[in-house]
Visitor: 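This is the structure, below, for whatever I ask next.
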Amino acid sequence: MDLTYRPRRLRRSSALRSLVREHILHPSDFIYPLFVHEGSEVQPIGAMPGASRWDLESLIGEVQRAWNLGIRCVVLFPKINESLKSEDGAECFNEKGLIPNAIRILKKEIPQMTIMTDVALDPYSSDGHDGIVSSDGIVLNDETIEFLCRQAVVQAQAGADLIGPSDMMDGRVGAIREALDDEGFEDIGIISYSAKYSSAYYGPFREALDSAPRLISSKPIPKDKSTYQMDPANAREAITEAQLDEQEGADILMVKPGLAYLDIIYRLREESQLPIAAYNVSGEYSMVKAAVEKGWIDERSVVLETLLSFKRAGSDLILTYHACDAAKWLNE
Ligand code: PBG
């Protein structure tokens, strides 16, 4: 055949392929999410094989392991004892609470690791919502933001480097920025869950933290988070959310979940010059693990291909429970 272009010319050898490769994963692209609890042992999480709830002592070792593999940021999520949960979630700004304690311990033992936090009420709320639920079942925006600001300041005081509001209340990024600045934390960044969808992919995470919305009294509790998290049908709205967060002072924008929303990552990459993070969420992780356990897919290839897709779509950072495994494979 008389072909001018033969794209296969550049695929002939592994060396040639590496010369023209457009995207490469590095362990430092990953943010490693870790669950912590008050107990004194490492508890496996049923719906997330390979992930655990860490006690504070073992957490240090796990974060050190991540650092040694080249991971440069971890994000902490608390499993709060039932007795500390309340309707308003006020435990979230207890300076002696689980998360501030974990941050202080990690900052003392492994000060070089970047610590990201999650700002929202759900782990602390007896209703299982990210905000305060009124007696008639409305998730209150402005009242919640006051609590989120106090939570963010307590996390910064404990030593957090990046504050991650995941609650999707309107105006929270600006309010948290101001609260941090007022307390002298103008150097502490905000990584905002900007386009966070109301997704069924968070199921295993809610099992890990026992944080799903639930009824415990006669108060009507919304059964899902669709009055604040985004409708999966909407793409343009993600741009609006991201623009608002940027105007309000976010330093990094996030899309969540990741895999079913690669188009949103791509759109935000076109619209913003800020770094973009993708959250490869719990349900995405558990689906891979389940298929691996069945022997249906090859874990290493599927995980690395999936993580690469986030970078190709335009994200700079990837929150993923596969972080340590992937870093190990990349280092081999
Ligand atoms: C809490 C929060 C959630 C996740 C991160 N922060 C759950 C939710 O919004 O219900 C989900 C992460 C995952 O599924 O891996 N606001």
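Indexing begins at 1, ligand by ligand and atom by atom, following the structure's order. Below, each value reflects all heavy atoms present in this structure, side chains not excepted, and no hydrogens, waters or symmetry copies. Keep in mind that what you see is a predicted model, and the values were worked out from it rather than measured.
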Visitor: Tell me the contacting part of Asp122 for ligand 1: side chain, backbone, both, or neither, using a 4.0 Å heavy-atom threshold, strictly below.
Guide: side chain
Visitor: Quick one: look at Phe77 and ligand 1, take heavy-atom pairs under 4.0 Å, and tell me if it's side chain, backbone, both or neither.
Guide: side chain
Visitor: Identify, for atom 4 (C) of ligand 1, the protein heavy atom at the shortest distance, and state residue, atom and that distance.
Guide: Lys256 NZ, 2.6 Å
Visitor: Do any heavy atoms of Asp130 fall under 4.0 Å from ligand 1?
Guide: yes
Visitor: For Gln229, take its heavy atoms, then give the atoms of ligand 1 lying under 4.0 Å from any of them.
Guide: 8 (C), 9 (O)
Visitor: Would one find more than 12 heavy atoms of other residues, nucleotides or ligands at under 6.0 Å from atom CD of Glu41?
Guide: yes
Visitor: Considering only the protein, which heavy-atom contact is closest to atom 14 (O) of ligand 1, and what is its distance?
Guide: Ser282 OG, 2.7 Å
Visitor: Using side-chain heavy atoms (C-beta onward) and a distance below 4.5 Å, is Met254 in contact with Ile276?
Guide: no
Visitor: Near Tyr321, which atoms of ligand 1 are under 4.0 Å from a heavy atom of that residue?
Guide: 12 (C), 13 (C), 15 (O)
Visitor: Salt bridge check, Arg172 against Asp245: does any charged N sit closer than 4.0 Å to a carboxylate O?
Guide: yes
Visitor: Where do Val281 and Tyr321 come nearest, in terms of heavy atoms and distance?
Guide: C-CE1, 3.8 Å
Visitor: If we set the cut-off at 4.0 Å for heavy atoms, which region of Ala120 has an atom near ligand 1: side chain, backbone, both, or neither?
Guide: side chain
Visitor: Which residue and atom name correspond to the protein heavy atom nearest atom 9 (O) of ligand 1, and how close is it?
Guide: Lys196 NZ, 2.7 Å
Visitor: Show your reasoning for whether side-chain hydrogen bond (donor to acceptor under 3.5 Å, both in side chains) applies to Asn68 and Arg65.
Guide: CA-CA 5 Å; Asn68 294 345; Arg65 181 173 83 97; over 6 Å; no
Visitor: Determine whether a donor-acceptor pair (N or O, by modelled atom type, separation under 3.5 Å) exists between the side chain of Asp251 and the backbone of Gly189.
Guide: no
Visitor: Between Arg300 and Glu332, is there a salt bridge with N-O shorter than 4.0 Å?
Guide: yes
Visitor: Quick one: look at Asp118 and ligand 1, take heavy-atom pairs under 4.0 Å, and tell me if it's side chain, backbone, both or neither.
Guide: side chain
Visitor: May I ask you to identify the nearest protein heavy atom to atom 8 (C) of ligand 1, giving residue, atom name and distance to one decimal place in Å?
Guide: Lys225 NZ, 3.3 Å
Visitor: Looking at Glu87 and Lys219, is there a salt bridge between them, counting it only when a charged N and a carboxylate O are closer than 4.0 Å?
Guide: yes
Visitor: Would Tyr279 count as a contact of ligand 1 if the rule is a heavy atom under 4.0 Å away?
Guide: yes
Visitor: Which of the numbered atoms in ligand 1 are below 4.0 angstrom from a heavy atom of Arg206?
Guide: 8 (C), 10 (O)
Visitor: Check for me, please, whether Ile163 and Leu121 land in the same ILVMFWY cluster - side-chain distances under 4.5 Å, paths through other members count.
Guide: yes
